[in-house]
Protein chains: 2
Amino acid sequence: MRFIIPFEGREPKTRLGDTLSLTERQAFARAMLRDVLIAVRDAGHDPVIVSPSPLDIETPTIVDDSPLSEAINSTLSTAVLPVAVVMADLPLVTPSTLGQFLETPGDVVLAPGIGGGTNALVVRDSAFSVDYHGTSYLDHLDIAQEAGLTVSEAGPWRLAVDVDEPSDLTEILLHSDGHAHEWLVEHGFSLETTSGRTNTTRARRTSSLPGGPSG
Amino acid sequence: MRFIIPFEGREPKTRLGDTLSLTERQAFARAMLRDVLIAVRDAGHDPVIVSPSPLDIETPTIVDDSPLSEAINSTLSTAVLPVAVVMADLPLVTPSTLGQFLETPGDVVLAPGIGGGTNALVVRDSAFSVDYHGTSYLDHLDIAQEAGLTVSEAGPWRLAVDVDEPSDLTEILLHSDGHAHEWLVEHGFSLETTSGRTNTTRARRTSSLPGGPSG
C-alpha cells in the first residue's frame, strides 16, 4: 500500500531549537525519517515522501512547496485508495505497529498524537481531506463525520509518540534502537533518572560515547 | 480477573501542584481513579485498591503503608495468578483497551508510560516482582529477564498516557468523557490551540462553565 510521508528537511523540529543546532536538527530529522521509511518498507509497503524542497534520498519524493495540508490533499486526490499518511517524526514505529494500524476498520483511521495532532491516518474514501492546522485530531474527526464517513481511532502507542519537544527524546532512548537512537547516543545523549519521569541529558562537547541508561 | 490499583489519596499528583491546590488534586485524583475503576468493572474484572491510608470508597481496599513496590509485591504474593496491576492515573483507559492489554501473550506484559514508567502490567508467573522506583519500565524488563520469563510490551496508547504533568490534562480534554474530564471542565479548564501542541488553559475564579475547545 502507498504510504505518504510528509517531510520538511530545511528547518525541521524548531521546538528542539534549544537542544540541537539547526544542522543537528536537520541530521536528526533525517535519522527519524530513515527509521519510519525502514518500518514502512519492512511492513511491505511503498513510501513516497512529500517535501517542500528536493531531497537527496533514495525514496520517491514529490516536491510540493504548498502548505502541508494542501500538498497532502493534492497527493491524496491522485492516489489509488486506500492510502496512509504517516508523519516522519515517529521513530518508535515498527512494522508490527503499522500492521495493527492498517487492520483497524473504518473509512478513515486516525492515530492521535500527544497534544492533539494526528500522527498517522488511513484514508479509504475519497470524500476525506486533511487539515493539519490547529488541533488536527478534532478537525479530522469533524471532517470525516461531516462527510458521513466511519472513523476509527488507531490504538498503538508507538504511533502516538511523535518527537517534538526535548522530553520526547527520552522515549527514543528507552524504546527504539534505530537510526534516531543511534544519532542521539553518538551526540552525547543519555537517560537521566529523576524523582519523576526519566529525562534525557547531554554530555557537552564530548567526542566519546556516553554511558548507558543511568536508571 | 483481579486488578490491583495502587492509589495514594492524601498528597496525590504533586507535579500538578502549580496548577491545582491540594484539595483539588485530591478530588481530581479521585475522579481519575473512578474512571479506571469503571473501565475495569465494565471489562468484567474485579478491582482491589492498594492504599497507604483508608479510603471512603465502595471498592475493596487493602490498606498498606509500606512503600509502593513493597505493598504491591505483598499483594501479588498472595494473589491467584494471573493478576493485573494498573495505575489509578490512566483516565483514558476503556474496557476495550483493557481487553487488548489482557490478550497480549507473555509471562509478564508491560505497558510503558510516557517517561519511563510502567503504567500497567500483567503477571502470569510468580517469579516476577515489581520495582516502581526509577525508570521502572527498564527495571521491570530486567527483573523478568533475570527470572527467565517471557515479557511482552502492551501496545494501547490509552495505557501509555498517565497524568502527571499539566500538559497531560490536554489528553483528558481531548480523548476522554469520564469523571476526570467532567471535573476539569467544571473547574474551568479548556483546550487552547497554539502553534505547537494543544495546551490546556484555565479560566480563573469562574463559577460558570467555560466554552468548548477553541481549536
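Proteins come first, then strands; the chains are lettered A, B, ... in the order of their sequence lines, and each starts at number 1. All figures in this text were calculated on a predicted structure; none of them were measured in a lab. Side-chain atoms are counted along with the backbone in the values below, which use heavy atoms only and exclude waters and symmetry mates.
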Closest non-hydrogen contact found for B:Pro112 with A:His175 is CB-CE1, 3.6 Å

Can any side-chain N or O of A:Glu171 pair as donor or acceptor with the backbone N or O of B:Gly115 at less than 3.5 Å? yes

Less than 4.5 Å apart, any side-chain heavy atom of B:Thr198 and any of A:Leu138? no

A:Ala111 versus chain B, the contacting section by heavy-atom distance below 4.5 Å: neither

B:Glu24, CD atom: more than 12 neighbouring heavy atoms under 6.0 Å: yes

For chain A, which of B:His133, B:Gln100, B:Arg158 has the most heavy-atom pairs under 4.5 Å? B:Arg158

For A:Asp177, does the CG atom sit with more than 12 other heavy atoms under 6.0 Å from it, leaving out its own atoms? no

Option in A:Gly116, A:Gly117, A:Gly155 with maximal non-hydrogen atom pairs under 4.5 Å from chain B: A:Gly155

Let me know if B:Glu153 has heavy atoms under 4.5 Å from chain A in its side chain, its backbone, both or neither. side chain

Just wondering, do A:Pro156 and B:Trp157 contact through their side chains at under 4.5 Å, heavy atoms? no

Between A:Asp168, A:Thr170, A:Thr97, who has the most heavy-atom pairs with chain B when the cutoff is under 4.5 Å? A:Asp168

Below 4.5 Å from any heavy atom of chain B, which atoms of A:Ile114 appear? Answer side chain, backbone, both or neither. both

